[in-house]
Structures are given as C-alpha cells and as structure tokens.
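Heads up, the thing below is written out as structure tokens.
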Protein chains: 2
Amino acid sequence: MIETPSPFYEFNGKTYQCPIELSIALFAGRWKPTIIYKLLDGKKRYGELKKLIEGINHKVLAEQLRDLEASGIIARHVFPTNPPKVEYELTPLGEGLRPAIDHLQQWGLQFQAEHSKTKPVANHCPELAQEQK
Amino acid sequence: MIETPSPFYEFNGKTYQCPIELSIALFAGRWKPTIIYKLLDGKKRYGELKKLIEGINHKVLAEQLRDLEASGIIARHVFPTNPPKVEYELTPLGEGLRPAIDHLQQWGLQFQAEHSKTKPVANHCPELAQEQK
DNA sequence: CAGTATCCTGATAGATACTG
DNA sequence: CAGTATCTATCAGGATACTG
C-alpha cells in the first residue's frame, strides 16, 4: 500500500491518521454523499435539493450544505432577489471527488449484486420509500 | 406521492437512495476506513490492528471488525490455539474497495495540499500526535 | 424561498471490568 | 490474546417553529 508521507492530517481542529480518514470525515455522514451525488449532475437550488433528496430534514440539509461549503467542496451563490434564490454547485475540489464516487457507486452496485444472489431485495415494497419517518 | 426516480438499495433493514449512500454507510464510521486501509496492506491479527490503529478502543475495534465481517468486507480466521489467535483479512469484496480508497486517499492528499496553501497546518504542535487518548 | 433557533432522541464511541 | 458485558458520554440527526 502507499506509504503516508506524514503520519497526521489535520483539519478543523481534528486529527486524522490517514488521508482516507480525512476524506471520509469530510464527505461522509447521513446525507453528504447523496448531496454531492446530486450536485455532480449540475448546480441546484436549495429547494431542488430538498425535493431531490426525499426524506431529508430541512434543518439538516442546511447544516450539511454549510459543512460542505466550509470544507470547500461546494460553493454557495446567493441571488439577492425576492424571494431569495440560492444555488449550490461543486467546486473544483468537490469535482475532484467524482472518480472516487464513481468507484464507490460501482462498488455499491457490486455489493448489491452479491447480496441479491443470496438474499433477494424486497423491491416489491413501495412503502420503503417512506421509511425515513 | 413519492416519486421513485432511482431504485432503492437495501441492506440490513436500511434503505438507501443510491449506491454511494450504501457504500458509505457500510465502510464509513469513526474507524472503519482506517481498519480497511490497514488491511489493504495484508492480513493482520487483532492485536496488530489494535497497535496499528493508535487510539482505538478495545471494544470499538471488536465491534467494527464484526460489522465489517457482517458486511462481507473482511474475513475472520480463528486459530484455536492457546492463547487464541485471530486473523482478519479483506475478502474479494473488500479488495474491491481498493480503487475507491485509492482515489479517496489522493483526494485527501489534494485537500490537505489546498488547505496548506492558505491556512498552514499547525504541525508545530507535537502534542497533536497524542490527541487520541 | 431559504435560513436560523430550540429542543429531543437514538445511535455510537469510549472507559472499564470480567471471561475462556 | 481476543472477546464480551455494562455503563456513560457525546453528538449527529430529526421535529418543529419562527424570521427576513
């Protein structure tokens, strides 16, 4: 495996033992991957994201967006209109996550496939969409 | 009326909206990435992992290992000797994470570099190395 | 429309002690 | 050596209401 040049990686007052830990800490979480995933498709307004990400809480979406912005992964553009309009888009840094995300997606699909073999997925149950209550 | 634009991904009773969410859920967490990272280097005994991952709690390591095993990412080999010896290694599925992890690592390094430019990292503080205790 | 401020709760991490 | 069992502490996530 690749040797880590320096043993510790610091960001925002936290210390990480390897770059992966840092990466994961920055874009993991209950919703961040999904947000980034949606933004890979192009910039989106707050409300669009809210609608696209079914089940996410209003406050939580705002929080996660602020986190991602603080990490420099997304950029926030405010249009001082009335009513207000705010757009979010990936920064170049955020775009840099694309290959990693692509691989994660492929891995997720592979994982799904593996498990479908032994234990078929219950896709017959549309109520699952409501699971996050 | 819930639109179901993307299929669901289910595992272990939880539903995910996209494969990435699933992937992250499976190998994110405070320590899982680090564990996997260490195992990419080859199989390790419990005690080795404990030593390699400075700061991890005894119980937590055991838990995370069990989670990863349940997900099929790592395999556990028990040698019924005295004292007991247990080895952990990545399964083929776990190995499949390597490209994703490689990209995450690169991204983490890039991130680190970006932030070093504007806001120099406080590497002057050796106590940081001891932070996890 | 987008964003805060409270309050609450469940999942996770950690400290510690005990077991084969 | 490796693994449980408790107990506690913490914190991210969520429900809800209010604001420009």
Side-chain angles (χ1 to χ4, degrees), chain A residues 12-17 21 24-35 38-39 43-71 74-89 130-133, chain B residues 11-17 21 24-35 39 43-71 74-89 130-133:
Chain A
N12 221 12
K14 290 186 182 174
T15 308
Y16 306 94
Q17 294 184 51
E21 212 184 320
I24 292 293
L26 290 178
F27 92 101
R30 179 75 183 79
W31 298 107
K32 289 202 186 78
T34 307
I35 294 172
K38 301 297 183 188
L39 287 181
K43 65 179 150 194
K44 301 267 182 299
R45 294 184 57 171
Y46 178 90
E48 291 182 280
L49 285 170
K50 182 77 174 62
K51 246 179 293 181
L52 279 171
I53 305 173
E54 197 66 46
I56 193 170
N57 181 275
H58 178 44
K59 186 208 72 169
V60 173
L61 175 55
E63 273 176 359
Q64 307 277 285
L65 287 170
R66 222 120 286 119
D67 283 355
L68 291 171
E69 190 193 1
S71 307
I74 66 174
R76 180 166 172 266
H77 303 293
V78 182
F79 299 83
T81 55
N82 195 341
K85 172 180 171 182
V86 182
E87 280 184 350
Y88 295 92
E89 67 176 332
Q130 294 283 16
E131 203 217 26
Q132 41 260 47
K133 54 173 182 179
Chain B
F11 178 68
N12 221 12
K14 291 186 183 175
T15 308
Y16 306 94
Q17 294 185 49
E21 213 185 319
I24 293 292
L26 289 177
F27 92 100
R30 179 75 183 81
W31 298 107
K32 288 200 187 78
T34 307
I35 294 172
L39 287 180
K43 64 179 149 193
K44 301 267 182 300
R45 294 185 56 172
Y46 177 92
E48 291 182 279
L49 284 170
K50 183 76 174 62
K51 246 180 294 181
L52 280 170
I53 306 173
E54 197 65 46
I56 193 169
N57 180 274
H58 178 42
K59 187 207 71 169
V60 172
L61 176 56
E63 275 176 359
Q64 306 278 286
L65 287 170
R66 220 128 298 113
D67 283 355
L68 290 171
E69 191 193 0
S71 306
I74 65 174
R76 181 168 173 265
H77 304 291
V78 182
F79 299 82
T81 55
N82 194 342
K85 173 179 168 180
V86 182
E87 281 184 349
Y88 294 92
E89 67 176 334
Q130 297 286 8
E131 203 212 27
Q132 42 263 45
K133 64 166 301 176

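Quick note on labels: first sequence line is chain A, next is B, and so on, each numbered from 1. The figures that follow rest on heavy atoms only: side chains count, while hydrogens, waters and symmetry mates do not.
Between the C1' atom of D:dG13 and the CD1 atom of A:I35 lies a distance of 12 Å, rounded to the nearest Å. The distance between atom CD1 of A:I56 and atom C1' of D:dA15, rounded to the nearest whole Å, is 14 Å. Atom pair B:Y46:OH and D:dT4:C1' shows a separation of 10 Å (rounding to whole Å applied). The NE2 atom of A:H58 sits 15 Å away from the P atom of C:dT6 (whole-angstrom rounding). Going from atom NZ of A:K51 over to atom P of C:dC1 covers 8 Å, rounded to whole Å. Distance, B:L65 CG to D:dC1 P: 16 Å, rounded to whole Å. In this structure, A:D67 atom CG and C:dG3 atom P are separated by 14 Å, rounded to whole Å. Distance CD1 (B:I74) to P (D:dA2): 14 Å, rounded to an integer number of Å.
Side-chain contact between B:T34 and A:I24 is absent, with no heavy atoms from C-beta onward closer than 4.5 Å. Residues A:K32 and A:L68 meet the side-chain proximity criterion, which asks for heavy atoms closer than 4.5 Å. The closest side-chain heavy-atom distance from A:L49 to A:I56 is not below 4.5 Å.
Put simply, B:Y88 has a side-chain N or O that comes within less than 4.0 Å of OP1 or OP2 on D:dG3. An OP1 or OP2 oxygen of C:dG3 is reached within less than 4.0 angstrom by a side-chain nitrogen or oxygen of A:R66. Between A:W31 and D:dA12 there is no side-chain N or O to OP1 or OP2 distance below 4.0 Å. Between A:N57 and D:dA15 there is a side-chain N or O to OP1 or OP2 distance below 4.0 Å. In this structure, A:R45 reaches the C:dA2 phosphate: one of its side-chain N or O atoms is under 4.0 Å from OP1 or OP2. Distances shown here put every side-chain N or O of B:R76 at or beyond 4.0 Å from the OP1 or OP2 atom of D:dA2.
Shown here for A:N57 and A:K50, the closest heavy-atom pair between the two residues is C-CE, 4.4 Å.
Base pairing analysis places D:dA12 opposite C:dT9; the two distances defining the Watson-Crick or G-U wobble pair are each below 3.5 Å.
Nucleic acid contact for A:K59: base, since at least one base atom lies under 4.0 Å from a heavy atom of the residue. Residue B:V86 is classed as a sugar-phosphate contact, given heavy-atom separations below 4.0 Å to backbone atoms only. Looking at heavy-atom distances under 4.0 Å, B:Q64 makes contact with sugar-phosphate atoms alone, never a base.
Between B:Y88 and B:Y46, the ring-plane angle classifies as tilted under the 30° and 60° cut-offs.
The residue among B:P84 and B:V60 whose nearest nucleotide of DNA chain C lies closer to the 5′ end is B:V60. In terms of position along DNA chain D, the nucleotide closest to B:P83 lies nearer the 5' end than the nucleotide closest to the other residue of the pair B:A62 and B:P83.
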